[in-house]
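Have a look at the structure below, then the notes.
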Number of protein chains: 2
Amino acid sequence: MSAQRRSTVDLAEEHLRRSGVRTTPARRLVLEKLSRARGPHTADEINIILRSAVPLSSLYRTLSVLSSNGVLERFHDGAGVARYELAEWLTGHHHHITCSRCGSTRDIDFSQETETTIRRFADQAGASAGFRVTGHRLDLEGLCSQCR
Amino acid sequence: MSAQRRSTVDLAEEHLRRSGVRTTPARRLVLEKLSRARGPHTADEINIILRSAVPLSSLYRTLSVLSSNGVLERFHDGAGVARYELAEWLTGHHHHITCSRCGSTRDIDFSQETETTIRRFADQAGASAGFRVTGHRLDLEGLCSQCR
DNA sequence: TTCCTTGCAAACGATTTGCATTGGA
DNA sequence: TCCAATGCAAATCGTTTGCAAGGAA
C-alpha cells in the first residue's frame, strides 16, 4: 500500500485508540458527520442529521467523550447552547463569524501572518494581567449576505 | 451647578429613561453592583452579592430588560452559564481572559492601535465570507498568576 | 389611575445521570 | 470474558413564564 493521506476521521480514531478509548458506531458516526460539517453544530442539530440513530442521551455522552479526549471542541453560542466541532489539531486553527440576525455560524480563516500578530498581542496583553496565555478565541459578529 | 462628570450608573439610567424604561430599585441595585465589578458575573453571583435582595426570577427579568435596552451585555462562559456586564459604550471596549484552571474571568484591554489592527483584520476576513462585520469578541485563555 | 414591575411557584429546555443491558476488544 | 458503552427514564440546573399583587409615573 502506498502511503495514503489519512482522513480526518481516521486520524481522530487513531488518536482515540491510543488513548484507550473504544471505537464504536456512534462515535464514528458523529466524527464522520462533523468532519463533513461546515461549522460547529449543536447536539440537537447532530441528532437531526443522524436521524436519531443515536439517542440524545447517548449522543451527549459521545460528544462528551470525544471532547474530553481532545477530538472535539465545545463552546456555547449566543443562545447558550453547546456547539461542537472537530478540534483544531484536526481542522487547523480558525475562527467563527455569526450572523446577528439569523444566527448562522461559519468558520473563517485569518492569514498566518494575521494569526501571528494576534497571538503576539494576546500574549502581551495577557502577561500584563499576570496570565500565561495558552490560546485565544476571536469570534466575529456581523450580517451575512442573506440578511444584509 | 457645575458640569460634573456623570457616573456610569447615571448615564445608564438616563439612557433607560429616554427609552421609556422605568427606574426601579432592583434595576438601580444591579447597575450599581455591576459597575463596581471587575468583570462579568452570572445571575447567581449577582444574587449572592445582592444577598437575595432581588429574587432570582426578578433578577433574571431585570438582567433581561437591561440587556435588551443596551445597558448590559450578555454572553455565555465556558460552562454555558450566562454572564452579564455593563455594555461597552459605558465601560469602553475590552476583552476577557479566563483562567483555564480556576475559571476566573478578568477584563483586559488592548491598546487603541492593536484594536484598530484587529478590527481591520476582522472586517477583511468577514468580507471575504460575505459578511458585514459589526463587532468582534476576542477572548483569551490562559493560566492566572495563582494557578500558574 | 394606568401600566409596568415584582414575587412566588410552576414550567421549560438543554444536559446529565442511575441502572440494567448490550457489545467491543 | 470483562469492562466500557448504550438506551431508557428520571433527575438536574439555569432560565423563563403565568398570574395576582404592588409600585412608579
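These values consider heavy atoms only, across backbone and side chains, with no hydrogens, waters or symmetry-generated copies. Per chain, numbering begins at 1; letters A, B, ... match sequence-line order.
- In Arg132(B), the CZ atom is not crowded: 12 or fewer heavy atoms of neighbouring residues, nucleotides or ligands sit closer than 6.0 Å.
- Nucleic acid contact class of Thr24(A) (heavy atoms, under 4.0 Å, all strands): sugar-phosphate only.
- With rounding to whole Å, Arg83(A) atom CZ is found 10 Å from dT15(C) atom P.
- Taking 4.0 angstrom as the limit, Ser58(B) places a side-chain polar atom (N or O) nearer than this to OP1 or OP2 of dG7(C).
- In this structure, Thr98(B) and Phe131(A) approach most closely via the heavy-atom pair C-CE2, 3.9 Å.
- The side chain of Ala82(A) approaches dT15(C) more closely than any other nucleotide in the set dG14(D), dT5(C), dT15(C).
- Spacing between atom CZ of Arg17(B) and atom P of dA25(D) amounts to 9 Å, rounded to whole angstrom units.
- With respect to His96(B), the side chain to side chain donor-acceptor pair (under 3.5 Å) criterion is satisfied by exactly one of Glu85(B), Arg83(B), Arg106(B): Glu85(B).
- The nearest heavy atom of DNA chain D to Gly80(B) and to Ala53(A) marks one nucleotide each, and the one closer to the 5' end goes with Ala53(A).
- Rounded to whole Å, atom C1' of dG14(D) lies 9 Å from atom CG of Leu56(B).
- The CZ-C1' distance, from Arg28(B) to dT6(C), rounds to 16 Å in whole Å.
- Within 3.5 Å, a donor on the side chain of Arg61(B) pairs with an acceptor on the base of dG18(D), or the reverse.
- Within the structure, every side-chain polar atom (N or O) of Tyr60(B) is placed at least 4.0 Å from both OP1 and OP2 of dT16(D).
- Contact annotation: Ser64(A) does not reach the phosphate of dT16(C) (side-chain N/O to OP1 or OP2, under 4.0 Å).
- Between Thr23(B) and dA24(D) there is no side-chain N or O to OP1 or OP2 distance below 4.0 Å.
- The nearest whole Å value for the distance from the CG atom in Leu29(B) to the P atom in dG23(D) is 16 Å.
- For Leu59(A) and dT16(C), the CG to C1' distance is 13 Å, given to the nearest whole Å.
- With rounding to whole Å, Arg22(B) atom CZ is found 12 Å from dT6(C) atom C1'.
- For Arg27(B) and Ser57(B), each mapped to the nucleotide of DNA chain C holding its nearest heavy atom, the one lying further toward the 5' end belongs to Arg27(B).
- Closest to the side chain of Pro55(B), from the set dG7(C), dA9(D), dT6(D), is dG7(C).
- Of the candidates Leu29(B), Leu56(B), Leu59(B), Thr62(B), Ile46(B) forms a side-chain contact (heavy atoms from CB on, under 4.5 Å) with just one, namely Leu59(B).
- When the P atom of dT15(D) is taken as reference, atom CD1 of Ile46(B) falls 10 Å away, rounded to whole Å.
- The pair Asp139(A)-Arg137(B) does not meet the salt-bridge criterion, since no charged nitrogen lies less than 4.0 angstrom from a carboxylate oxygen.
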